[in-house]
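Structure first, commentary second.
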Amino acid sequence: MNNAVTRARELRQQADRLKNRQADEAKSQQLEKRRKELAEQRERMEEFALPAGVLSRNGNILPDDIPDTAELESLLPKLLLKARQEAPEDFTKGSEYSRLRKWLEAYNTELESLVSEAWKQFLAELPQVNEKLLDDIATVPGQELAVKQVRQLKSELQAAIVRPPRVDDELKGILKRAEALRARLADLSDTHYPQPVRQFLRAAQQSGGAALTLFTDEVRQWLEARGLIDRIRLRWSESQGGRRP
């Protein structure tokens with residue numbers, strides 16, 4: 001009989017330990033779930049709050065448009081006090097944590113929309129490169145290096161704007177590259193290289209050469225002004241249907 005009682009007591013103790021262990025595991029899983037929730041919201045906040053600050057200081061976002069944090073400042077002291085007074089796994093109990101999580105989700109969603117729109121507008125104001133124009137200008141004697149430099153600046157700028165800047169120095173670097181590209185493009189524009197000139201030079205680079213009809217007064221004057229007229233050579237071409245002089 002005594003053995004049976006002892007055995008029953010041992011089984012009860014084992015059951016209690018198992019129950020406690022299961023309860024601890026459940027608490028641990030719950031705590032890990034909450035930790036991941038907060039980590040995810042923290043990452044989202046870093047992704048959008050930091051660019052929001054940078055773009056705001058640059059004037060791309062109005063300070064009044066940034067969501068208010070008064071509710072967060074009200075919730076945090078209560079949660080911090082609770083964390084100090086209670087077991088860590090009990091930190092997320094009660095309404096305060098639920099309110100914090102919902103606030104973070106709403107805040108980050110609003111920030112994401114704000115930053116995305118501001119960044120879209122910022123990108124639209126950056127200098128745009130006309131690759132077709134560059135191809136034409138590259139045919140102008142002595143301009144191949146200038147075209148190569150423009151394309152290098154374009155590549156550097158594109159690499160810098162893959163995401164919104166998170167610190168002021170990143171934005172300064174973008175603006176610096178954009179200004180350098182804009183200055184280079186100013187020297188390689190339609191004004192400096194009119195379409196008839198580009199058409200003539202592009203045709204002249206082909207194996208068949210350019211038709212004489214493309215060699216207009218505007219083209220001739222442009223070449224003379226740049227000391228390039230002596231590089232033009234004429235050649236007779238026997239075309240189908242033509243007649244000998």
Side-chain angles (χ1 to χ4, degrees), residues 42-69 107-205 218-229 231:
R42 182 196 63 198
E43 290 174 1
R44 288 191 67 203
M45 183 174 288
E46 289 177 352
E47 183 179 357
F48 300 111
L50 295 178
V54 173
L55 294 173
S56 175
R57 288 188 289 275
N58 191 56
N60 303 101
I61 294 178
L62 296 178
D64 291 343
D65 289 339
I66 296 179
D68 184 61
T69 59
Y107 180 83
N108 286 332
T109 297
E110 189 173 351
L111 265 188
E112 180 179 3
S113 176
L114 184 66
V115 170
S116 296
E117 183 60 30
W119 186 237
K120 181 180 178 180
Q121 289 184 318
F122 177 86
L123 294 178
E125 296 172 0
L126 293 177
Q128 303 299 312
V129 176
N130 184 335
E131 287 293 338
K132 180 64 170 59
L133 176 61
L134 290 185
D135 288 340
D136 289 347
I137 295 176
T139 65
V140 179
Q143 294 305 308
E144 185 177 356
L145 177 59
V147 169
K148 183 177 180 180
Q149 291 172 338
V150 165
R151 284 177 168 149
Q152 177 62 31
L153 287 171
K154 174 189 174 183
S155 177
E156 293 175 1
L157 181 59
Q158 288 178 330
I161 59 174
V162 292
R163 62 167 176 76
R166 297 190 177 187
V167 296
D168 292 331
D169 284 345
E170 287 183 2
L171 181 60
K172 289 178 182 177
I174 292 172
L175 294 174
K176 183 178 179 180
R177 290 182 176 90
E179 186 58 32
L181 178 58
R182 188 174 287 110
R184 288 285 185 179
L185 288 174
D187 294 331
L188 302 179
S189 65
D190 286 319
T191 303
H192 291 85
Y193 299 89
Q195 194 274 337
V197 172
R198 302 199 315 270
Q199 185 180 10
F200 171 78
L201 292 173
R202 184 171 62 250
Q205 301 295 318
E218 180 182 7
V219 173
R220 178 180 55 78
Q221 291 169 5
W222 190 92
L223 293 170
E224 286 177 344
R226 289 159 180 76
L228 298 173
I229 193 67
R231 303 186 65 168

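Along the sequence shown, residues carry numbers from 1.
Here CD of Glu46 is found 10.5 Å from CG of Asn108. Values are rounded to the nearest 0.5 Å. Rounding to the nearest 0.5 angstrom, the gap separating the CD atom in Glu179 from the CG atom in Leu153 is 11.5 Å. Taken from CD in Gln221 to CD in Glu224, the straight-line distance is 7.0 Å, to the nearest 0.5 Å. Here the CG atom belonging to Leu181 is positioned 9.5 Å from the CD atom belonging to Gln158, to the nearest 0.5 angstrom. Taking CE of Met45 as the reference point, atom CD of Glu112 lies at 13.0 Å (rounded to 0.5 Å). Here the CZ atom belonging to Arg182 is positioned 9.0 Å from the CG atom belonging to Leu175, to the nearest 0.5 angstrom.
Electrostatic pairing of Glu47 and Arg44 does not count as a salt bridge here, judged by no charged N lying under 4.0 Å from a carboxylate O. Between Lys148 and Glu144 no salt bridge is recorded (no basic side-chain N to carboxylate O distance below 4.0 Å).
Contact annotation: the side chain of Leu114 never approaches that of Phe48 to less than 4.5 Å [non-hydrogen atoms, C-beta and beyond]. Here the side chains of Leu223 and Phe200 are in contact, with some heavy-atom distance below 4.5 Å. For the pair Glu117/Gln121, a side-chain contact is recorded, criterion being any heavy-atom separation below 4.5 Å from C-beta on.
A donor-acceptor pair under 3.5 Å is formed between the side chain of Glu170 and the backbone N or O of Arg166.
Every pair passing salt bridge (charged side-chain N to carboxylate O under 4.0 Å, His left out) that includes a residue from residues 122-141 is listed here, sequence neighbours excluded: Glu131-Arg151, Glu131-Lys154, Lys132-Asp136, Asp135-Arg151, Asp136-Arg198, Asp136-Arg202.
Between Pro164 and Val115, the shortest heavy-atom distance links the atoms CG-CG1, 4.1 Å. Shown here for Gln128 and Leu185, the closest heavy-atom pair between the two residues is O-CD1, 3.6 Å.
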(Q) Run Lys172 and Arg177 through side chain to side chain contact (heavy atoms under 4.5 Å, CB included) and show every step you take. (A) CA-CA 9 Å; Lys172 289 178 182 177; Arg177 290 182 176 90; over 6 Å; no

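By the ring pair (Phe, Tyr, Trp, His ring centres under 6.0 Å) test, Phe122 pairs with Trp119, sequence neighbours left out.
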Contacts table for residues 50-67: side-chain donor-acceptor under 3.5 angstrom, sequence neighbours left out:
from  : atom 1 : to     : atom 2 : distance (Å)
Ser56 : OG     : Ile61  : O      : 3.4
Arg57 : NE     : Asp168 : OD1    : 3.2
Arg57 : NE     : Asp168 : OD2    : 3.2
Arg57 : NH1    : Gly53  : O      : 3.4
Arg57 : NH2    : Asp168 : OD1    : 3.2
Asn58 : ND2    : Asn60  : OD1    : 2.6

